[in-house]
Structures are given as C-alpha cells and as structure tokens.
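Lettering follows sequence order; numbering is per chain, from 1. Model, not experiment: these values are computed from the prediction.
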Protein chains: 2
Amino acid sequence: MSQLLSVLREDLGDMLREDEATRAAQRADAWVMAEWAALQGRGGALPLAVLEPTSTEDVARAVRVCRALAVPLVTRGGGSGVCGGVQPGTDHVVLSTRRLDGLVGLESDDLLARFGAGTMGSDAEQCVQQEGLTIGHWPQSIALSTVGGWVATRAAGQFSTAYGNIEDVVLALEAVLPDGSVLRTRETPRASAGPDLRQLFLGSEGTLGVITEVTFSLRPLPETSSGQALHFADFETGLAALRRVLRAGWRPPVVRLYDAREARRSFRDFVPRDRALLLLLHEGPAPAVASEAPAVEALCREGGGVVTDPAAVSQWLAHRNQVPSFRSFLEEGVVVDTIEVAATWSRLPSVYASVVASLGEVPGILAATAHASHAYRSGANLYFSFAAKPSEPQQIPAVYAECWRRTMEATLAAGGGIAHHHGVGRVRRGWLAQELGTTGAGLLLALKDTLDPAGLLNPGVLLPPR
Amino acid sequence: MSQLLSVLREDLGDMLREDEATRAAQRADAWVMAEWAALQGRGGALPLAVLEPTSTEDVARAVRVCRALAVPLVTRGGGSGVCGGVQPGTDHVVLSTRRLDGLVGLESDDLLARFGAGTMGSDAEQCVQQEGLTIGHWPQSIALSTVGGWVATRAAGQFSTAYGNIEDVVLALEAVLPDGSVLRTRETPRASAGPDLRQLFLGSEGTLGVITEVTFSLRPLPETSSGQALHFADFETGLAALRRVLRAGWRPPVVRLYDAREARRSFRDFVPRDRALLLLLHEGPAPAVASEAPAVEALCREGGGVVTDPAAVSQWLAHRNQVPSFRSFLEEGVVVDTIEVAATWSRLPSVYASVVASLGEVPGILAATAHASHAYRSGANLYFSFAAKPSEPQQIPAVYAECWRRTMEATLAAGGGIAHHHGVGRVRRGWLAQELGTTGAGLLLALKDTLDPAGLLNPGVLLPPR
C-alpha cells in the first residue's frame, strides 16, 4: 500500500488527498445501509486516497495511472445516490468530480449549456435561470447531486412528464474511457450515424468511464404555470384517469398520484380519508396552459376525480426538495427507504397491489405505500416507501434486504421493471439479470469487458454477478 | 461455393432461396449508385443465396449456421435505404426479414403494438389505425420500408417535431445477436437499470445483430389537425422564425422550411419568387391546436413571415410519400440525390450557405437546394437536394462522389453532424470517424469486435475503415 501511495504521490500528487477527513467524506453515498454502518461505528472502509482532478486532462491522467497500477477507481459526484453505488474498498481510490465544476459555455440562441460533470444540480439550474432558461430537470436531490451523477444514474426529474428524463435533456457529453482516451459526442440535435454512443454512459454508474462534461439542451423558463389537485376513490381509479390524460395527448410536467395512505400522511388538509390524491402542474406558454388545464380537469372528473384545493400543489412545491434523513429513523430502530419501479398501465395495479401486500408480510413492517410521479403514454413509475421496526435493531439489515427482495420479486412477477430512476448500485444487482434477461445481462458484461477489461472502474456496482 | 451451398441446403433448406430472380431482387437497396450500376448492366453482385426466415428461431438458426460456416450475412428489409447499406458480395448470404411479418400483439390500454421486423411501415400503421391509433412515424418511405429497417437506420418521420424520431416511439425490441442468442428488452416505459441496450441496435445497420421484432408506444389518432403556410424573405429568416417557435415551447408535428428554389420548384402557386416557404401542421386535442396555431402564426409574423394559402400544406400532404425515381434522371445523364445533415441553430445558416456554395462549384451541377424538415429546441436538420449532369455520363460516379465529399466536408467544417436520418451505409463511411471523433470511432469498432468478432454481419457498412 505504502509503495502504491508513493507512486500515486509521484504521478498524481497535484490532485491526491490522503487526509482521513477527505477519505472519510468520500467513502459512501447516501444509501441507508451506509448510514446504518456509520451509526454502528462501522462507517465503511476508508479508501486508499481521494483524487480531486480539476480538468478532463487530469481525469485522463488519473485513469491511466490507476490502470497502470491496477488500482480500482470509484467515481463519486455529490454522493446523493441511494443504492450503494459508491462504496470503495480500502485498496480503492475515489475520484471526486466535484472540482470539475461550473459553466463551460452557454449559447442562448441554441439553448445549450455545458457544465463540468461535478457541478451541483442546483448551481447549474441557477446559472441558466439567470439567462431566463431552465434545464427542466428537477430530481428531488437537485441540491445534493451533480449533473454528471444525473447522467451516470439515468436520473429522472419531477417535471419529467413534459420535459423528459435525463436522456431527453442531455445533448452531448464528454467522458474519459477506462483506457484514458477522451470521448466527446458531437453537439448536434440529432444523428443517424451509428448507435448513439451517449447511451453507453447514461446509466453506467461509473463502471464504463468517468463523465467529465455534460451539454444540456435547455428551455426558456415557462411563461406561466398552474396547479390542480383532485382526489379519487382509490389509487387504481386515479391511475386509470391519469392514463386517459396521457392518452389524450396532454403533458402536464408534474403528475403525482398518491395512494390513500400517502395522501393522508402528507396532504391531510386536502383529501378526505381513504382517497387517493392527484397533483398536476401545467407549465408553458399562457395559451397552452389555458387549454390544457381545463381539458385535463374534465378528463379527471370523468374518471371520478373530485377537485380539491390547488394549494396542495403549492405545499408540494414548497417541500419537494426535502430529502429524508434515514439517520433519525435508524436511531429509533426504524429502517425506511424508497424503491421506484415502472410498468405499463395494465400492469401497474397488480405491481402496486402485490408489492404492498408482500411488504405487509414483513415482520415489523410499519408502512408500505406508493405514489406514481412520472407518466408516459404506455405506463408510469411506482415509487414505494416502506418503514419497518424489527424487534431487535440488529435485524435491520436483514429486514431491509427482505423488503427489497419482496419488492423486486413482486415487481418482476407482475411484469414490471425493477428500476425507474435511482439506478442499480449494489442494492438491485441481484435482480439485474432478470430485468435484462440472460442475453441482455451477458451483453452488458461484454460491454464492460470491452471497455474495462481489468474491471477497475467501480467494481461491485451495477453489473450482474458472473 | 457449391460445398457451402450444400451445407446451407442441409441446415437451412426450409428458408433457403437460390433462384436467380430472388437473389437479383435482394442484391441492393435504393442507393442511386446501385441504380447506376443496374443501368450500366452491372447490377451488382448476386448473393450466394437468400434466407427467408419466418420466426425468431429461424433467424437464430440462420445466424448460427452462417457463423459456423464463416459466411457473411447481410440483413435486408424493404430495401428502401439510399446509402448503400445493402450490397452483398457473391460469397454473402442475404437474410430477408420480410416474412417476419405482421402484428404480434396489440394492447390498446397500454398503447403498445408489437410487429415482426419485416412488417412494411404502411401495413403496421394501417393495422393500428384500425384501432384508432397511430405509430406517428411517417418516413417518406413508409410504403417501402420495414419497421425493423426504421430501427436499424435510426429513421425519422415527417411528424417528428412533435412525435419524436424512431428512438422515441420504440418501447422495446427483439434482436438476434451475432452469436445466435436472442435479446428481448423489457416492455417498460422507462428504466434506470444500466445503459439502454435498445440503443445498440438503433442505427446498427445490420452490423451488430438482426432485429426481429419491434414494440411501439402508440398514440391515439389526433382529434384534429390544422395546416398553416407562411413565406419569408429568405431561408435564414425562416430558420430564425422557426427557432423562435420551438423556443417558445410549441411543437407542431410537421415543420418544413423550403429555401426559395425549392419553394419555387414545388409550391409555385403559393409563394412569390425568391421567398422561402414554411409549412406547418398542428395536430392534437382540439383545444391544444386552437391555442397553438394562432400563437405560432403570431411568432412567425413577428419574424417576418407572410401568411399564404394553407392549401400548400394539403398539396404537400397529398404528395409526401412520393419517392423520386433516380432511374429516369440517370437515363437522361443526370444524377440526383438528397443528403440530410443536422446542426444547432447558430450553425445552420453557415452549413446551408457553405454546402450550397460548394456544390455550386461542381462541374455540371444543375441545382443545389435545401429544406429543413425536423426541428428541435437546439437546432434542426437540413435536407439538401442536388442534381448534376456531367459532360459525359461515365463521369456520373465521380461527380456524385464529389457532391457527397463537398457536402460532408462543408458540413463538418461548419460544425454540423453528417447524418440526420438516412444512416451511414457505404456512402458516408469515409466521414464517420470525423463525425464521432477518434475515440468514438474506436469505441464503435470495439463494440463491433465484441458482438461480431468475425465481422460477418453486413461487412463494408457503417463502421469506419480501420
């Protein structure tokens, strides 16, 4: 180790950090099991060192040196991931993207903005808003995540139903491949020039390269916006109404349908007991919003919706970026987490019912609820929340794993997809081969072997076990 | 050869066609240089044989047998490609997808339809229209191209500005990989489960696998539609107005801006001499169209547009699927072709001006014109048309190559992308490394080596020369 460190000092000394505080701060993401380990005084391994490159050239040099030394390299952005995507071993080096920071270029006529991959999401958004523009990508973690992390995890934003997910707002990217070469995709609005190479890195979770720069295709800030709220007899009725809204061609940026328990928990003032709640936010040119809002309301009423106070939308907007603290629950012996999956409309009711029922059988379960927050022509996501209090706190990891196992298996059995927008990390790895199928899993492993034959980039993450 | 044929007969006899008529019919796509060769009595090589599989299992068997025999395999759908993507050698076998035909399943509530890859586009569209639905993908070739061909070439439809390109309407696909294994991607509206594996095949042009089935995410047929036409002082002024329409958040499915020469050629009754013409078609729920059409018209007028008779749109709709006959021109000693490229808004005027100027210097050039037909927030495509009559017909191939060379080089020099939606085939191969950059080109070659190490799938197409 000390010999390795001395080589790293020689070759990468300008970006190398060895102090314990830096290494401790970079040793995990926001996965609840990392919190649990920290609470137990076992805060995960300390990586060998942390690299803080300030340029793409720095990253390329870091990747080449680590490759030559056969040192595993774990890329970390904001550390807001909740699937265990960052968990370096003691013989790993962490590459922090945080100093690849800030605006690289903005072309207002082309609605383009280029950012260093380590730029925090809220900083990037604030930067373009000064020009009257928006990225339109609003993950709950926007203040905690980096734009490169958005790409690496295939993130989704809260306004995705109109504006799309990360793959729909990224026009181009730059990445350092595992051999140290630099890929820059062309800044063109669309191409038919072979497979879209951006897609290899969207969702790669640090295993296929290090994303160093992201170019967004922006939008002007909306001229106007308008909220609506309706409640429904139950979640299934609400889903059916939402399906009809999408089918009719309307695209409110925000659509959020809460089951009765979540509606009661978070929007008590706006919804009668045992009713599901749908929040809608319309945005765009004033005449577009003026035509969309009443048409959507009419469709929802036809589907059994009852209009309630749109202040529910304002309440959501005010609190939407609050990220829950797992720690305070763990200190009470309670483990909480969220699991997002997706399915086509016809499968959503059975995914919902079977996951909730299966979680309900876990010993110590306190709650198992869901909302849908991203809708498409052919289906939507389901965002499950669970809380469990085992009889003994030491059972937390086992109970947690059991909740995940049940959710993944019930989702697959009902024909859903296991991950909507949080990625795979470590927590979903065991089910990825079922998600992709044998051939798909083999193809992903083959891509890994092609790009990173030594397996040095973020080992243990994403790829199905061989 | 005869020994090879006897093995093929034994293993694949049920799908093998050896007659000359079938082989001749499958020996090319619609590339103008293939037409030229045919006109010269050199109609391209006859492939060794043609395979007509009727199931995915047939395709997997065909791929495995050809791999075992090291026989190159060229997949052909409708044969409407215009870039030389299908041009088998005498020792190659053609796999025709045409008997992988028809609807596999339709789920109206989920807006899903699955088709065999060899289903003709217009048949697929007609099939879903019987249920009041539409794929929304309208390439000019819809009556001549297959749904698998749309995926393989990364096609675009005429209604793309609202409905997206092929990658936006394909929910899932099935493909046979070069080792004979079968990939089926999950039918889920969105996933964050590693890189999107569909993307490897979108634009693969038969080099990475054989697409056998395509699942579309449909739309209901629009409630209403409304056409508009305006003319502008010049093409650049029209582009600026179009940019503002997209920027404001409006998405008419059809936007077509013709330069003055094309406007004069095709829409003489609707546009004064030396003016560019913009055609717009709005579609959707009645209130959405009612708000979009006047708002877009106002933006265009502010940008210098003068309203003209919307019958121009009806005229375009009536003729939009007419595919030009290269043959009749070639018989007159004239070579014509189209070349589509793309660029961000700020670069479009210089791409347009420099390509038209450069084509104008080609000896024997008769016309060099363009329109834009697919618009995005950050840019648009340019669809160039050229016609040239060399002093001697035998110079046609050289003059043709010179027109392509000038268009590709002027586009790259002005910062554009070399291909918007026709693909690469043979005609663009020489510039793909510049389009993708050295690292990108190397990455694409590495993907090829991983999936098809023996290089048996559609050799000579897409991939940059090594």
What part of B:Ala240 lies closer than 4.5 angstrom to a heavy atom of chain A: side chain, backbone, both or neither? neither
Contacting region of A:Leu197 [heavy-atom separation from chain B under 4.5 Å]: side chain
Any side-chain heavy atom of A:Phe201 within less than 4.5 Å of one from B:Pro195? no
Only pairs of heavy atoms separated by less than 4.5 Å count here; which of A:Pro189, A:Gly203, A:Ala156 has the most with chain B? A:Pro189
Under 4.5 Å from a heavy atom of chain A, the part of B:Ala446 involved: both
Among the listed options B:Ala162, B:Ala248, B:Ala343, the residue most often paired with chain A at heavy-atom distances under 4.5 Å: B:Ala343
In terms of heavy-atom proximity below 4.5 Å to chain B, should A:Leu463 be classed as side chain, backbone, both, or neither? neither
Go through A:Asp179, A:Leu432, A:Val182 and name the one with the most non-hydrogen pairs under 4.5 angstrom from chain B. A:Val182
Counting distance only, does the side-chain N/O of A:Ser192 pair as donor-acceptor with the main-chain N or O of B:Thr153 below 3.5 Å? yes
How long is the span from the OG atom in A:Ser378 to the CG atom in B:Leu112, to the nearest 0.5 Å? 4.5 Å
Under 4.5 Å to a heavy atom of chain B? For A:Leu202 that would be backbone
Please classify the contact between A:Leu443 and chain B as side chain, backbone, both or neither, with a heavy-atom cut-off of under 4.5 Å. side chain
The interface call for B:Val424 against chain A, heavy-atom contacts under 4.5 Å, is both
Residue part contacting chain A, namely of B:His374, when any heavy atom lies under 4.5 Å: neither
For B:Leu208, is it the side chain, the backbone, both, or neither that has a heavy atom closer than 4.5 Å to a heavy atom of chain A? side chain
Using a cut-off of under 4.5 Å on heavy-atom pairs, state which of B:Ala288, B:Ala375, B:Ala152, B:Gly415 scores highest against chain A. B:Ala288
Checking heavy atoms, do the side chain of B:Leu133, its backbone, both or neither come under 4.5 Å from chain A? side chain
Does a side-chain heavy-atom distance below 4.5 Å link A:Asp109 with B:Arg243? yes
Find out whether A:Arg377 and B:Val169 are in side-chain contact, i.e. whether some heavy atom of one side chain is under 4.5 Å from a heavy atom of the other. yes
Once you round to the nearest 0.5 Å, how far does CG of A:Asp196 lie from CG of B:Asp196? 9.0 Å
Test item: side-chain donor near acceptor, B:Arg247 and A:Ser108, under 3.5 Å: yes
Can you tell which of B:Thr450, B:Leu444, B:Leu171 has the highest number of heavy-atom pairs within less than 4.5 Å of chain A? B:Thr450
Between B:Glu205, B:Arg219, B:His421, which has the largest tally of heavy atom pairs under 4.5 Å with chain A? B:Arg219
So which part of A:Leu246 gets closer than 4.5 Å to some heavy atom of chain B, the side chain, the backbone, both or neither? neither
Using 0.5 Å steps for rounding, measure from the OG1 atom of B:Thr188 to the CD1 atom of A:Ile418. 10.5 Å
Checked A:Ser181, A:Gly437, A:Gly194 vs chain B; the most non-hydrogen pairs under 4.5 Å come from A:Gly194
Most heavy-atom pairs under 4.5 Å with chain B, out of A:Ala295, A:Gly425, A:Pro285, A:Gly440, belong to A:Pro285
What's the separation between atom CD in B:Glu167 and atom CD in A:Gln199, rounded to the nearest 0.5 Å? 8.5 Å
Where does B:Ala342 contact chain A at under 4.5 Å (heavy atoms): side chain, backbone, both or neither? both
Do you know which of A:Gly284, A:Ala155, A:Pro222, A:Pro294 has the most heavy-atom pairs with chain B at a distance under 4.5 angstrom? A:Ala155
With a 4.5 Å cut-off on side-chain heavy atoms, are A:Asn165 and B:Arg190 touching? yes
Given a strict heavy-atom distance threshold of 4.5 Å, which part of B:Thr344 is in contact with chain A: side chain, backbone, both, or neither? both
Side chain proximity check, A:Trp250 to B:Pro287, heavy atoms < 4.5 angstrom: yes
Can you tell me which portion of A:Ala193 sits under 4.5 Å from chain B's heavy atoms? Options are side chain, backbone, both or neither. both
Within-4.5 Å side-chain heavy-atom neighbours: B:Leu436 and A:Thr185: no
Report the option among B:Gly417, B:Ser204, B:Gly249, B:Ser346 that has the most heavy-atom pairs separated by less than 4.5 Å from atoms of chain A. B:Ser346
